[in-house]
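Start at 1 and go down the list; that is how both ligands and their atoms are numbered. Note that the numbering runs from 1 along the sequence shown for the chain. Source: prediction; values computed, not measured.
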Amino acid sequence: MRIVNVPLGSRSYRILIGQGLLARLGAECQKLKLGSRCAVITDTNVAPLYAKAVLRALAQAGFEAVLIKVPAGETAKCLKTVEACYDQLARHRLERKSFVVALGGGVVGDLAGFVAATYLRGVAFVQVPTTLLAQVDSSVGGKVGVNLSAGKNLIGAFYQPRLVLCDLDTFNTLPAREYRAGLAEVIKYGIIRDAALFNRLERDLSAVLLREPKALAEVITRCCEIKAEVVGKDETEGGLRAILNFGHTIGHALENISGYGKYLHGEAISIGQVAAAKLSALLTGLPVKDAARIRALFARAGLPVAVKLSASRNKKLLAAMRLDKKVTGGEIKFVLAKRIGKVVWGQAVPSDLIEEALGLE
Ligand SMILES: NC(=O)c1ccc[n+]([C@@H]2O[C@H](COP(=O)([O-])OP(=O)(O)OC[C@H]3O[C@@H](n4cnc5c(N)ncnc54)[C@H](O)[C@@H]3O)[C@@H](O)[C@H]2O)c1
Ligand SMILES: [Zn+2]
């Protein structure tokens, strides 16, 4: 088992990474000195796969756990589901010392985290991420929340978990498309912070694509270390944390104009990162050959790297970028690379260049 610490003073917590960890959940929760009652929130896909093991591990450690199932998919990440969860927590008399376990992908993590942040003004929560995206990204860093019909993630809080437990065995059941989408975030960490990780992914991609536990454990640990370091330095996104949005300005806009569902998040940010790499070659001195390496790695991972938009859809894309909640003062700001492993944020980009960067060669 590997351990990564997220350094946030009295709110610091550990990320555990390894195989067979679900069985250890109860023992790990005991160390947190929480109350005996808890709720496991999961979705209808994950419940039949892993709820039993999780409930057994909690029971063996003396916890009284209730299972709350929410529908699978992004549409469940809404206030209506939050309310349904509150009702169940109240019905099962969860109290201030009780805690919530989020068992599932980023949807469940964001939703259950928000429920935990707000029920009784906050109860402890534990993340048990079961998608690659959730293990390397959404379960770490404390951003929790839900969507409004006006847009994604518009309601939320910064609320850190007390523990993150990443069991690599859960990938055995993860659909290939979801797995590849998670790789888009993995590659991102190499580009923004760690050239050695990027080189390693170039070298070991086949092992990673085969979900080989040893290669995966090392790669996921490194991603979590980078996220932990960035969050530790800038918990609420005053500055440095912005680098995690590399490729996301275009990616979010693409998700938006395509209607959620056409592209998985990882697919949209794959296109976004390849475009951001091209812009970096034009504007911030990323060597052209490194922009080509970035594109090649996403392509080898089976992710889309370009999109051809009609003039009217292109306009929509730019409008969507301006609506992004991270835009301040109406200016679209990009994270761009100076080289692989080093990025700068807050870069203004002329809109005609964005169009050029998106297209196929
Ligand atoms: N909080 C953050 O910092 C942060 C960061 C990135 C993304 N997010 C959020 O994460 C969400 C996306 O997360 P996601 O990509 O994990 O999607 P997801 O939670 O929808 O999971 C993807 C699909 O895989 C299924 N699934 C999950 N684990 C499985 C397993 N082990 N085996 C089989 N099926 C499994 C789910 O039921 C779902 O159908 C978005 O809502 C996004 O906004 C949050
Ligand atoms: Zn992302």
Side-chain angles (χ1 to χ4, degrees), residues 6 22 41-51 53-54 69-78 81 102-114 117 125 127-147 151-161 164 166-189 192 211 223-224 227-228 230-231 235-237 241-252 254-256 260-261 263-273 325-326 335:
V6 184
L22 289 187
I41 301 183
T42 189
D43 74 24
T44 46
N45 289 340
V46 177
L49 298 168
Y50 303 110
V54 161
K69 278 187 265 184
V70 302
E74 188 70 35
T75 47
K77 210 177 106 175
C78 64
T81 318
L103 171 68
V107 164
V108 164
D110 282 14
L111 169 85
F114 184 73
F125 95 109
Q127 289 269 22
V128 185
T130 63
T131 64
L132 180 54
L133 177 132
Q135 293 199 1
V136 298
D137 190 2
S138 61
S139 68
V140 178
K143 279 192 188 178
V144 297
V146 294
N147 305 326
K152 265 194 77 166
N153 297 327
L154 290 182
I155 305 293
F158 287 100
Y159 192 69
Q160 300 294 341
V164 181
C166 300
D167 188 336
L168 303 173
D169 292 337
T170 60
F171 295 151
N172 293 336
T173 54
L174 191 64
R177 188 175 170 205
E178 296 290 348
Y179 183 76
R180 283 196 300 268
L183 282 178
E185 302 282 3
V186 170
I187 296 170
K188 180 190 80 180
Y189 287 109
I192 64 172
R211 311 183 193 191
C223 294
C224 288
K227 180 129 192 202
V230 169
V231 169
E235 186 180 5
T236 54
E237 204 161 332
R241 191 163 176 168
I243 69 172
L244 298 171
N245 292 324
F246 181 74
H248 281 57
T249 310
I250 290 173
H252 282 153
L254 252 185
E255 284 180 89
N256 218 324
Y260 290 108
Y263 290 113
L264 295 179
H265 175 71
E267 294 165 347
I269 63 152
S270 171
I271 294 169
Q273 290 182 79
K325 71 173 182 298
K326 281 173 190 128
V335 181

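If you look at ligand 1, the protein residues with a non-hydrogen atom under 4.0 Å away are D43, N45, V46, L49, Y50, A72, E74, K77, G105, G106, V107, D110, T130, T131, L133, D137, S138, K143, K152, N153, T170, T173, L174, P175, E178, K227.
Atom OH of Y179 sits about 10.5 Å away from atom CG of N172, to the nearest 0.5 Å. Atom CD1 of I155 is separated from atom NZ of K77 by 11.5 Å, given to the nearest 0.5 angstrom. Note that CG of N45 is 11.5 Å distant from NZ of K69, once rounded to the nearest 0.5 Å. Put simply, CG on N153 and NE2 on H252 are 7.0 Å apart, with the number rounded to the nearest 0.5 Å. Between the CD atom of E74 and the NE2 atom of H265 there is a distance of 10.0 Å, given to the nearest 0.5 Å. Atoms CG and CG, on D43 and L103 in that order, are 8.5 Å from each other to the nearest 0.5 Å.
Residues satisfying the salt bridge (charged side-chain N to carboxylate O under 4.0 Å, His left out) test with R177, not counting sequence neighbours, are E267. Judged as a salt bridge (charged side-chain N to carboxylate O under 4.0 Å, His left out), and not counting sequence neighbours, the contacts of K227 are D137.
Between V128 and L22, the closest side-chain pair of non-hydrogen atoms falls below 4.5 Å.
Protein atoms of type N/O/S that fall under 2.8 Å from the Zn ion (ligand 2) number 3 in this view.
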